[in-house]
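Please read all numbers here as calculations on a predicted model, not as lab measurements. In what follows, chains carry the letters A, B, and so on, assigned in the order in which the sequence lines appear, proteins first and then strands, with residues in each chain numbered from 1.
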Amino acid sequence: MSDRYDFKTIEAKWQKKWDEQDMYAVRDFGNRPKYYCLEMFPYPSGKLHMGHVRNYSIGDVIARFKRMNGYDVLHPMGWDAFGLPAENAAIKYGAVHPAQWTMDNINAMREQLKQLGISYDWHREVATCHPGYYKWTQWLFLQLYHRGLAYKKKAGVNWCPSCATVLANEQVKEGTCERCKSLVEKRELEQWFFKITDYADRLLADLKKLEGWPEKVKIMQENWIGRSEGAEITFAVEGHDETITVFTTRPDTVYGVTYMVLAPEHPLVEKLVEGREQALEIKQFADRVRRQSELDRTSAEAEKIGLFTGAFCINPLNGERVPILVANYVLMEYGTGAVMGVPAHDQRDFEFARKYNLPIRVVIQPAGEELHPDTMAEAYTGDGVMVNSGPFNGTPSREGIKAVTRYLEEKGLGHGRVNYRLRDWLISRQRYWGAPIPIIYCDKCGVVPVPEDDLPVLLPMDVAFKPTGRSPLEEHPDFVNTTCPSCGGRARRETDTMDTFMCSSWYYYRYTSPRDENNPWDPEKVRRWLPVDQYIGGVEHAILHLLYSRFFTKVLYDMKLVDNEEPFTNLLTQGMVLKDGAKMSKSKGNVVSPEDIVAAYGADTARLFILFASPPERDLEWSDQGVEGCYRFLNRVWRLVAPLAGSLPAVSIQGNGKLVGVNKEMHRITHLTIKKVTEDVGNRFNFNTAISAIMELVNAMYQFREVPETDRQPWVLREAVDALLLLLAPFAPHIAEELWELTGHEGSVHQQPWPSYDPEAIVEDEITIVVQINGKVRDRMLVPADIKPQEMVDLVMQQERVRELIGGKKVIKTIPVPGKLVNVVVK
RNA sequence: GCCGAAGUGGCGGAACUGGCAGACGCACACGACUCAAAAUCGUGCGGGUUAUCCCGUGUGGGUUCGACUCCCACCUUCGGCACCA
């Protein structure tokens with residue numbers, strides 16, 4: 001078997017052995033320090049794609065590396081198993097139940113993961129569609145409900161006609177469904193929400209604590225939360241008891257208000273126009289806007305349309321009459337749904353005022369410039385001094401913001417206020433294949449939560465899947481009809497299921513206690529393992545999953561169910577896998593199947609290539625020839641090590657003081673490689689350069705092998721072979737294990753301590769330094785490694801070649817850089 | 001429009017703290033082995049036909065003895081947000 005690299009036999013052999021020996025099962029309370037290494041669990045679509053292979057290869061290197069470095073590593077895997085594709089498959093093909101479809105896919109993908117040799121503790125596997133799991137998803141819903149964080153309200157929500165369900169704001173991209181790209185419609189529906197907005201300030205503030213997260217992701221979350229400071233100001237409506245409250249970030253410009261705008265959906269609109277000639281027109285306008293898709297409504301090019309209501313309100317600061325308009329550009333969801341129009345100092349207001357000939361009044365004058373309404377080409381939004389502002393005239397605008405806010409508070413006309421763009425998380429879904437929302441509606445008692453003892457609310461299996469656009473649960477009388485837990489009378493169950501992002505917001509806690517039937521997790525175990533030390537996944541979850549998970553963790557922390565306030569200490573967002581410069585996709589026909597690659601070259605080659613081709617955060621360009629190259633490299637390792645199997649000395653540790661020449665050099669390269677790989681993997685996750693270093697070690701070993709045997713110290717080669725196999729183990733675990741055994745070691749290579757380097761060994765006696773004249777490399781010379789800077793300069797200046805190059809020019813100064821170079825500056 | 005990231009050989013990429021640009025791999029060329037091919041091994045491989053020379057890290061400027069690296073302006077590509085008052 002040792003004559004050629006037979007990856008098929010080797011990989012099957014070790015996968016079986018590791019499984020039998022349960023090698024990657026981890027103790028909950030061992031005495032080594034803990035490390036929780038987690039990769040985002042996949043949706044069981046049926047087959048792994050290259051993105052998965054990349055994600056899980058990265059995680060496996062880290063897990064194996066940490067294990068060898070003395071940690072108890074929790075490295076689990078599971079399935080984000082509820083979701084639309086299963087149900088759509090049932091509708092389309094009829095024959096297969098979503099549960100069966102999902103289970104089949106899980107089995108297939110688990111097999112693929114095992115074939116890749118990823119070191120998971122499979123005892124901890126979870127699937128979110130299993131009643132033993134979703135019982136606790138429902139339990140968590142109830143905890144949020146009891147804390148007032150889950151509530152039902154009627155609102156204009158995003159409806160995807162193709163998915164036949166509502167979507168959260170986070171799932172709408174540019175007005176389209178992020179899953180199927182259909183145009184999202186607006187619908188007025190009563191839906192369940194989580195009050196994530198209650199946590200907006202903490203979700204924002206704690207981003208600062210996440211030093212191990214990419215800046216990019218933190219900025220995206222920061223923008224999504226969208227904090228802005230300002231004030232709420234109340235305007236009285238002329239001839240009504242009603243008032244209009246606006247939110248503004250520029251209370252210093254209130255004296256410049258020349259009109260007021262309400263969102264078409266604003267509740268006051270109908271009252272204001274009642275009995276007026278404008279009533280019909282405004283109502284039609286409001287209906288039209290309401291029906292508009294998110295995209296049409298919010299696109300920047302959309303024309304701003306405004307209509308006068310006929311009503312006026314009163315500016316609380318100067319008592320002026322201000323006309324009230326309705327306009328499509330004001331959003332009901334943000335702030336108060338009403339905006340004060342200050343055309344001189346807001347670009348949108350400016351354009352709107354020009355279009356409808358509304359007056360423009362300058363109330364902020366910039367230094368060194370005189371603004372005049374008639375000559376302004378655009379709004380002035382910068383700093384300046386307040387003018388036309390009664391008692392505030394002469395106040396700098398920055399101070400004015402505070403001064404006006406204080407004044408409004410004193411007079412009871414308004415107050416300082418912080419606003420967020422983040423909206424509450426809509427979790428209802430009108431689909432079958434999800435966790436049922438554990439709520440019962442009773443005519444007598446109203447909304448009644450399902451008692452915890454009655455959980456889980458089981459998803460019935462005998463349902464019909466028809467493309468009706470209605471949830472199959474609605475048409476299942478045995479599910480719908482129930483008794484009220486409160487009064488025992490007849491009642492109906494909620495038929496919506498939960499957004500699957502709810503299931504994935506807490507799975508990393510469940511891995512600590514995957515089979516606990518009485519609790520979502522054992523607090524002791526969560527205390528031991530959480531937070532996740534390293535989380536790895538695609539950047540497409542920068543907002544969705546990662547924001548929801550942070551929210552959940554904060555709620556659980558407040559409930560004293562966990563001790564950590566953040567779930568993921570370090571986050572690695574891996575880049576996409578591309579082929580021919582584009583993301584692999586069926587429609588483009590550029591998909592490379594992991595199965596084919598593993599079959600043709602083996603898992604070790606597949607893993608090695610995907611880690612070698614690019615650093616993890618960057619996109620990776622797939623290359624069939626690059627894969628070949630990695631396969632060649634592993635063959636090279638095989639041909640180097642396998643023939644040595646019987647002939648290596650038993651022990652590699654010897655005194656190294658006497659080493660000279662090639663032996664010393666081989667010894668030095670071995671230790672240099674240990675240093676490089678340890679740093680690249682441990683500190684930087686630069687697996688590509690770590691693998692390069694291992695390749696260089698192998699190249700050096702080939703050279704060393706050419707040296708006549710009589711000139712070689714046998715233990716130097718033994719040391720190099722051992723180091724090579726240990727360093728290679730996290731990347732190519734099967735071949736490393738096989739060669740480890742072949743070269744006569746007891747026990748698994750994966751249970752060895754990570755090698756350490758000897759600083760003495762990497763010291764060189766002589767080094768090559770560069771000689772520069774005016775910063776340009778002109779010569780090189782060999783000098784003793786411990787040379788002093790002044791000696792370097794002296795030595796360089798004595799060089800024949802240096803004198804030649806200097807010629808008649810004058811030496812202005814010499815700059816020695818220890819260990820590197822000497823730069824001679826001449827004129 | 002705003003925010004962010006990235007631009008280095010034919011290609012993927014390296015250069016970690018301002019100090020030898022192009023490590024490692026791919027592709028290519030030549031040589032060895034072979035009846036031959038594949039595999040393997042060896043040599044070369046940014047450009048300027050020659051090199052102890054000159055040019056070269058998206059473009060233009062700057063700082064510095066010295067810049068892929070720092071600063072300013074711009075171009076291109078990718079990602080995110082997009083009437084948020």
- [ ] Return no unless some side-chain N or O of A/N688 is found under 4.0 Å from OP1 or OP2 of B/rG25.
- [x] no
For [X] and [N], give me the distance from atom [atom1] to atom [atom2], rounded to whole Å.
X      : N      : atom1 : atom2 : result
A/Q221 : B/rG79 : CD    : C1'   : 16 Å
A/F609 : B/rC24 : CZ    : P     : 18 Å
A/M792 : B/rG19 : CE    : P     : 15 Å
A/Y334 : B/rC81 : OH    : P     : 17 Å
A/Y631 : B/rC24 : OH    : C1'   : 21 Å
A/K827 : B/rG66 : NZ    : C1'   : 17 Å
A/K820 : B/rG19 : NZ    : C1'   : 6 Å

Side chain of [X] - closest among [options]:
X      : options                : answer
A/K173 : B/rC81, B/rC24, B/rA14 : B/rC81
A/M695 : B/rG25, B/rC65, B/rA85 : B/rG25
A/F612 : B/rC65, B/rA85, B/rG12 : B/rG12
A/N823 : B/rU52, B/rG19, B/rG12 : B/rG19
A/R778 : B/rC83, B/rG13, B/rC54 : B/rC54

Open item on the list: Here's a test of your reading of the structure: between A/V330 and A/D619, which maps to the more 5' nucleotide of RNA chain B?
Closed with: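 Nearest nucleotide further toward 5': that of A/D619.
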Open item on the list: On RNA chain B, does the nearest nucleotide to A/E628 precede the nearest nucleotide to A/L805 from the 5' side, or the other way round? Give the residue.
Closed with: A/E628
Using the [atom1] atoms only, state how far [M] lies from [N], rounded to an integer number of Å.
N      : M      : atom1 : answer
B/rA73 : B/rG4  : P     : 13 Å
B/rU57 : B/rG7  : P     : 14 Å
B/rC71 : B/rG18 : C1'   : 13 Å
B/rG56 : B/rG62 : P     : 14 Å
B/rA29 : B/rG9  : C1'   : 16 Å
B/rG61 : B/rA67 : C1'   : 14 Å
B/rC68 : B/rG19 : P     : 10 Å
B/rA15 : B/rC24 : C1'   : 12 Å

Open item on the list: Using Watson-Crick or G-U wobble geometry with both distances under 3.5 Å, which nucleotide pairs with B/rU63?
Closed with: none
- [ ] Could you tell me which nucleotide pairs with B/rG1 by Watson-Crick or G-U wobble geometry, both distances under 3.5 Å, or answer none if nothing does?
- [x]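 Across any shown strand, B/rG1 pairs with B/rC81.
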Atom pairs, protein N/O to nucleotides 1-7 of chain B N/O, distance under 3.5 Å:
none

TODO: For the pair A/Y548 and A/W425, name the ring-plane relationship: parallel under 30°, tilted 30 to 60°, perpendicular over 60°.
DONE: parallel
Task: Whether A/F247 and A/Y334 hold their rings parallel, tilted or perpendicular, with breakpoints at 30° and 60° - done: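 Perpendicular.
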Open item on the list: Once you apply a heavy-atom cut-off of 4.0 Å, does A/G629 come out as touching a base, just sugar-phosphate, or nothing?
Closed with: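 Sugar-phosphate only.
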Open item on the list: At 4.0 Å (heavy atoms only), tell me whether A/V817 reaches a base, stays on the sugar-phosphate, or touches nothing.
Closed with: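 Base, at least one base atom sits under 4.0 Å.
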Task: base_contact_polar (B/rC83 base, A/K304 side chain, donor-acceptor, <3.5 Å) - done: yes
Open item on the list: Regarding B/rG25, can its base be found pairing with the side chain of A/Q625 as donor and acceptor, where the two atoms are less than 3.5 Å apart?
Closed with: no
Tabulated below should be each protein N or O lying under 3.5 Å from an N or O of nucleotides 39-47 of chain B; please produce it.
residue, atom, partner, partner atom, Å
B/rU40, O3', A/R639, NH2, 3.2
B/rC41, OP1, A/R636, NH1, 2.6
B/rC41, OP1, A/R639, NH2, 3.4

- [ ] Would you check if there is a donor-acceptor pair between the side chains of A/N699 and A/R636 at a distance under 3.5 Å?
- [x]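 The answer is yes; a qualifying pair exists.
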N/O contacts under 3.5 Å, protein versus nucleotides 15-18 of chain B?
residue, atom, partner, partner atom, Å
B/rA15, OP1, A/R684, NH2, 3.1
B/rC16, O4', A/R684, NH1, 3.4
B/rC16, N4, A/K676, NZ, 2.9

